[in-house]
Amino acid sequence: MAVAAASCFNNTCFITLKPNSSISTTNFPLSFSYPIFNGCNGISVTRIGSSSKIYAKFEKFQGDPSEPNVEDIIVSSLQTQEQTIEEEEEEDDSCLPSDLEGAVRQSGEASALFVSSGGMRAIVELLIPQLQFLDDEGAQAELWELSRIFLDTLMQETGCQKVKAIFPDAGAAALLKYRWKDAAFGFASLSDRKPVESQDEIIVMLVPDYQMLERVQRIASELSDDPPRPLVMWNPRLISEDVGVGVNVRQLRRYFLSSFTTVYSMRPLAAGAVFRCYPGLWKVFYDDKDRLGRYLLAKELVSRPDAEELEIIFGNAEKSEQGPSFFSQAAGIFSSLNRFVKAISK
């Protein structure tokens with residue numbers, strides 16, 4: 001039979017099990033009392049190596065510390081740690097949001113981190129059907145509700161109470177200001193004579209389109225003056241494929257947008273997804289053939305992958321998986337039945 005000897009040093013208790021042949025072999029519970037904890041709420045215990053010494057570290061732990069069995073705590077703690085490590089190693093797509101609202105919140109957190117780190121110009125893009133085709137009934141209403149989630153998340157994460165939301169037109173700004181009487185952020189529109197005021201600290205343009213590009217650029221230029229203030233464009237639609245767009249306009253868009261950092265991007269593809277969440281790298285995922293609706297990480301990149309890079313990445317993934325060609329599925333680029341799109345479509 002062994003005798004339990006306890007000793008404490010700097011709020012850490014060590015329990016040593018020593019053999020003692022003179023003691024009866026009657027079983028007895030090993031327990032702790034409050035004086036040993038010196039006022040702490042509880043413990044989590046792990047065994048070090050194969051020795052008989054047990055190390056107890058003071059942490060938050062619910063329950064009466066005089067009740068739990070030490071061996072049970074050890075086993076439970078080790079199992080939890082092993083399970084957590086296995087899950088983290090197994091799930092390549094754990095960084096992806098599970099639904100649209102989660103993606104919007106995640107984009108708000110990424111924008112807040114960028115701004116708090118000193119970033120000045122940011123773009124958030126959710127390239128999904130529900131936010132791209134706004135002519136459907138109720139699509140715009142859903143869009144504005146999601147923008148409210150983004151704004152509230154941004155304010156909460158930055159702690160800034162002087163955020164100005166600039167909407168595409170005066171009608172939308174007036175309507176939402178009337179509906180959201182409890183909103184802590186300010187309201188303006190791109191058509192206002194002076195949408196940005198001196199007290200505004202963070203500016204968010206919501207779904208600015210190509211028709212207001214010059215106005216957008218003028219506001220961005222004004223925000224660069226002393227003192228410079230951050231500008232976040234949420235789901236901008238500044239690129240138009242309309243026939244007849246001049247070279248100068250295309251160049252203006254290209255050079256203007258190059259001054260922004262894409263802090264969040266979610267783009268589902270026919271056979272996977274392209275994803276970026278600041279400060280992380282760009283990630284390309286492909287469908288997990290063994291688990292419907294899940295992704296495997298194909299590659300991480302420093303910059304946004306172009307069409308040629310995607311062709312190479314998905315080509316390599318198909319060789320290893322022996323699946324169908326990525327570009328043979330291009331017609332259904334926004335209709336893949338993956339975890340993200342299915343959750344959004346509910």
Worksheet, complete the sentence: Heavy-atom closest pair (A183 atom, R148 atom, distance to 0.1 Å) is CA-NH2, 3.9 Å

Worksheet item: Do L301 and F314 sit in the same hydrophobic cluster, where Ile, Leu, Val, Met, Phe, Trp and Tyr count as joined when their side-chain heavy atoms come under 4.5 Å apart?
Response: yes

Worksheet item: With a 6.0 Å cut-off on ring centres, are F275 and Y295 close enough?
Response: no

Worksheet item: Short question: side chain of S221, backbone of R218 - any donor-acceptor pair under 3.5 Å?
Response: no

Worksheet item: Are any of the side-chain heavy atoms of M233 and V216 separated by less than 4.5 Å?
Response: yes

Worksheet entry | Approximate separation, where rounding is to 0.5 Å, of S259 OG and L231 CG | 9.0 Å

Practice prompt. Identify the heavy atoms of E201 and C160 that sit nearest to each other, and give their distance.
Written response: OE1-SG, 3.3 Å

Item to complete: Kindly say whether A139 contributes a backbone atom to a donor-acceptor pair with the side chain of E142 at under 3.5 angstrom?
Response: no

Practice prompt. Could you check if a side-chain atom of L238 sits within less than 4.5 angstrom of a side-chain atom of L257, using non-hydrogen atoms only?
Written response: yes

Worksheet item: Taking D209 for the side chain and Q211 for the main chain, is one N or O donor matched with an acceptor at less than 3.5 Å?
Response: yes

Worksheet item: Under a 4.5 Å cut-off applied to non-hydrogen side-chain atoms, are L151 and V204 in contact?
Response: yes

Discussion item. We want to know whether S224 and R121 form a side-chain donor-acceptor pair, criterion being a heavy-atom distance below 3.5 angstrom.
Written reply: yes

Practice prompt. Please indicate whether E214 has more than 12 foreign heavy atoms, meaning atoms of other residues, nucleotides or ligands, lying under 6.0 Å from its CD.
Written response: no

Worksheet item: What heavy-atom pair brings S147 and W180 nearest, and what distance separates the two atoms?
Response: OG-CH2, 3.9 Å

Worksheet item: Roughly how far, to the nearest 0.5 Å, is CG of L154 from CZ of R105?
Response: 13.0 Å

Worksheet item: Should V207 and I202 be regarded as members of a common hydrophobic cluster, given that ILVMFWY residues are connected when their side-chain heavy atoms come within less than 4.5 Å of each other, either directly or indirectly?
Response: yes

Discussion item. For a 4.5 angstrom cut-off between non-hydrogen side-chain atoms, does V274 reach W282?
Written reply: yes

Worksheet item: Should L281 and L297 be counted in the same cluster of Ile, Leu, Val, Met, Phe, Trp and Tyr side chains packed under 4.5 Å apart?
Response: no

Practice prompt. Using modelled atom types only, decide if a donor and an acceptor are shared between the side chain of D169 and the backbone of A172 within a distance under 3.5 Å.
Written response: yes

Worksheet item: So which of R267, R276, R304, R237 actually passes salt bridge (Lys or Arg N to Asp or Glu O under 4.0 Å) with E125?
Response: R304

Fill in: Side-chain (D287) to main-chain (K289) donor-acceptor, under 3.5 angstrom
no

Worksheet item: What's the spacing between I149 CD1 and E145 CD if we round to 0.5 Å?
Response: 7.5 Å

Worksheet item: Quick one: CZ on R229 to CD1 on I203, what's the gap to the nearest 0.5 Å?
Response: 6.0 Å

Practice prompt. Please say whether the positively charged group of K283, taken as NZ for Lys or CZ for Arg, lies over the ring of F285, i.e. under 6.0 angstrom from the six-membered ring centre and within 45 degrees of the axis.
Written response: no

Worksheet item: Donor-acceptor pair, S107 side chain versus V104 backbone, under 3.5 Å?
Response: yes

Item to complete: Assign the ring pair F256 / F260 to parallel, tilted or perpendicular, where the plane angle (0 to 90°) is split at 30° and 60°.
Response: perpendicular

Fill in: Minimum-distance pair of heavy atoms, taken over all atoms of A110 and C277
CB-SG, 3.9 Å

Worksheet item: Are L206 and W144 close enough that some pair of their side-chain heavy atoms sits under 4.5 Å apart?
Response: yes

Discussion item. So, taking the atom named NZ in K162 and the one named NZ in K164, what distance separates them when rounded to the nearest 0.5 Å?
Written reply: 12.0 Å

Worksheet entry | Spatial distance of atom CG (D152) from atom CD (E157) [nearest 0.5 Å] | 11.5 Å

Fill in: Within one Ile-Leu-Val-Met-Phe-Trp-Tyr cluster: M120 and L223, side-chain cutoff 4.5 Å
no

Discussion item. Does the plane of the ring in F187 sit parallel, tilted or perpendicular to the ring in F167? Use 30° and 60° as the thresholds.
Written reply: parallel

Worksheet item: Can you name the closest pair of heavy atoms from A188 and P195 and give their distance?
Response: CB-O, 3.6 Å

Worksheet item: So, Y264 versus Q106: side-chain donor-acceptor pair below 3.5 Å or not?
Response: yes

